[in-house]
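One structure is given here, and the rest of the page talks about it.
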Amino acid sequence: MTNPTRAVEEFRLPDLGEGLTEADWVHWVVAVGDRVELNQVIGEVETAKATVELPSPYGGTVEELLVEPGQTVPVGAPLLRIATEDGPAEPAGDSSGPSRPSVLVGYGPGDAPQSRRATRRISADAGRARDGDPPPARPDAKPGARKLAALLEVDLDTVTGTGRGGVITRDDVRRTAGHGDEPTAGHDEEPTAERPHSPAPEASPERTTRIPVGGVRKRTAEAVSRSAFTAPHASVFLTCDATATVDLVSTLRASPAFEGVRPTALSIVTRALLHAIADEPSLNAHWDGDTGEIVLHHDVHLGIATATSDGLKVPVVREAQRLSLPRLARSIAEVADRARTGRSTPSELTGSTVSVTNVGVFGVDGGTPILNPGESAILAVGAISDRPWVVDGALAIRKVVTLSLSFDHRLVDGEQAGRALATIGAFLGDPVPMLLADT
């Protein structure tokens with residue numbers, strides 16, 4: 001009887017789509033020696049847009065894990081090796097063949113198990129142990145030192161660690177590579193016994209914490225920097241009476257049409273923004289620098305700036321101008337909830353044409369938001385609070401809100417922005433007639 005031969009398949013990070021070229025490995029949910037099934041989730045990656053699960057394109061036994069949590073992995077880089085029993089044996093390190101087909105990321109198969117949080121770090125060398133032999137000792141080095149060693153082509157086995165407990169630091173790698181015998185100022189990672197103390201007894205050492213930047217935070221930084229230094233920003237402000245909007249929200253919450261969804265003032269504000277865009281379409285456009293054209297979007301893909309534990313995300317409500325108020329309120333709640341709980345797919349976090357941010361939830365009156373790259377306008381909504389207001393010549397306490405509209409001055413002038421913000425303010429001051437006109 002012929003025993004099946006073992007083939008070792010190498011799974012590489014697939015093309016994640018949406019123009020993304022790399023991702024940060026979050027954690028493994030499998031270990032060396034585990035049996036995995038086809039389409040079983042093996043781990044999670046964090047992209048600029050979302051944290052997504054990766055299903056395995058092969059069934060078999062995990063031979064080796066090739067990346068570590070926190071590592072930035074380019075598209076096409078190997079992630080792990082899986083031994084299958086459906087073909088001729090291949091060398092585990094042979095990666096000269098053509099790339100395997102990409103799996104669909106972000107849309108896990110229905111029968112895939114839910115991802116679980118791994119509490120252990122998996123050594124990339126653990127897969128080398130065979131037949132009871134202990135795996136080779138792995139140099140104890142910080143992630144930053146490993147990345148630098150790879151960049152400088154330094155074998156960590158040849159590096160003597162000077163960090164606490166013999167941990168290899170970036171400075172150790174630099175010294176081994178011949179880039180200087182002394183630690184570089186500002187980059188030493190661990191205090192050593194040789195470090196001289198400050199001669200001034202009253203001086204205290206600087207206490208700092210270095211936080212590696214990756215995933216959503218890294219891409220957010222890149223996006224806002226690109227926007228701030230590409231699009232000439234300008235902003236207009238308006239403080240208005242939103243008492244009628246607050247009263248309407250209370251009425252709508254008792255309406256059967258809003259059963260199962262809780263309408264908020266943001267629901268009315270977004271409807272007001274859509275109304276303003278109908279009059280000022282330049283707010284729903286982008287500047288094409290390659291052709292020198294202004295591109296007007298016929299559909300409004302509304303971005304909802306959402307604070308999450310991973311950082312700022314902007315889930316998108318597609319074709320918002322086609323939605324009734326109940327469907328708009330429901331869609332905003334759903335996309336924001338998916339973003340906060342990490343269930344958004346990359347496609348759900350891209351493609352917005354105009355955005356709104358509700359800074360009022362943090363108790364502030366307003367701000368000057370930075371444009372989402374590729375958009376011409378973003379509306380910021382401040383806190384709605386009781387303030388003195390003049391009504392029919394008499395002082396009264398009203399529900400008042402401050403709005404700010406940031407815009408790309410290349411394609412939107414102050415006139416268009418001012419008119420649009422005035423339209424939004426008028427809508428919030430008397431929303432019912434406007435809503436009836438939109439039906």
So [Y] and [X], do their side chains get closer than 4.5 Å, heavy atoms only?
X	Y	value
Asp413	Phe407	no
Val73	Val45	no
Val361	Leu266	no
Asn372	Ile378	no
Ser344	Arg338	yes
Thr239	Trp389	yes
Thr270	Val317	no
Cys240	Leu403	yes

Test item: [X] side-chain N/O and [Y] main-chain N/O as donor-acceptor pair under 3.5 Å:
X	Y	answer
Asp24	Glu46	no
Thr251	Asp247	yes
Ser376	Ser282	yes
Thr357	Ala305	no

Would you call [X]-[Y] a salt bridge at under 4.0 Å N-O?
X	Y	answer
Glu222	Arg226	no
Asp337	Arg340	no
Lys399	Asp386	yes

Non-hydrogen atoms of [X] and [Y] that approach each other most closely:
X	Y	value
Val314	Gly303	CG1-CA, 3.6 Å
Val249	Pro263	CG1-O, 3.5 Å
Val300	Gln321	N-OE1, 3.0 Å
Gly76	Arg12	O-NH1, 2.8 Å
Gly367	Pro369	O-CD, 3.4 Å
Phe258	Ala329	CE2-CB, 4.3 Å

Approximate separation, where rounding is to 0.5 Å, of [X] [atom1] and [Y] [atom2]:
X	Y	atom1	atom2	answer
Thr350	His301	OG1	NE2	10.5 Å
Asp34	Trp28	CG	CH2	11.0 Å
Asp299	Arg322	CG	CZ	5.0 Å
Leu248	Ile268	CG	CD1	4.5 Å
Leu371	His233	CG	NE2	3.5 Å
Leu349	Ile304	CG	CD1	12.0 Å

Side-chain donor-acceptor pair present, Asp241, Thr243, cut-off under 3.5 Å | yes
For the residue pair Asp172 and Thr169, confirm or rule out a side-chain donor-acceptor distance under 3.5 Å.
-> yes
Which residue, Val154, Thr160, Val159, forms the side chain to side chain contact (heavy atoms under 4.5 Å, CB included) with Ile168?
-> Val159
Please report the C-alpha distance between Leu66 and Glu10 in whole Å, then the side-chain angles of each, then the deciding distance to 0.1 Å, and finally whether the side chain to side chain contact (heavy atoms under 4.5 Å, CB included) criterion is met.
-> CA-CA 10 Å; Leu66 303 176; Glu10 192 171 74; 4.1 Å; yes
Take Val36 and Tyr58 through the test side chain to side chain contact (heavy atoms under 4.5 Å, CB included) and record every step on the way to the result.
-> CA-CA 8 Å; Val36 297; Tyr58 312 110; over 6 Å; no
Arg419 vs Glu415, salt bridge (Lys or Arg N to Asp or Glu O under 4.0 Å): CA-CA, chis, key distance, verdict = CA-CA 6 Å; Arg419 281 204 302 251; Glu415 178 188 4; 2.5 Å; yes
Residue pair Leu54, Trp25: steps toward the side chain to side chain contact (heavy atoms under 4.5 Å, CB included) verdict | CA-CA 10 Å; Leu54 279 183; Trp25 192 260; 3.6 Å; yes
Between Leu283 and Gln416, is a side chain to side chain contact (heavy atoms under 4.5 Å, CB included) present by the stated rule, with each step listed?
-> CA-CA 8 Å; Leu283 299 184; Gln416 287 82 30; 5.6 Å; no
Using a cut-off of 6.0 Å, state whether more than 12 heavy atoms not belonging to Arg262 lie near its atom CZ.
-> no
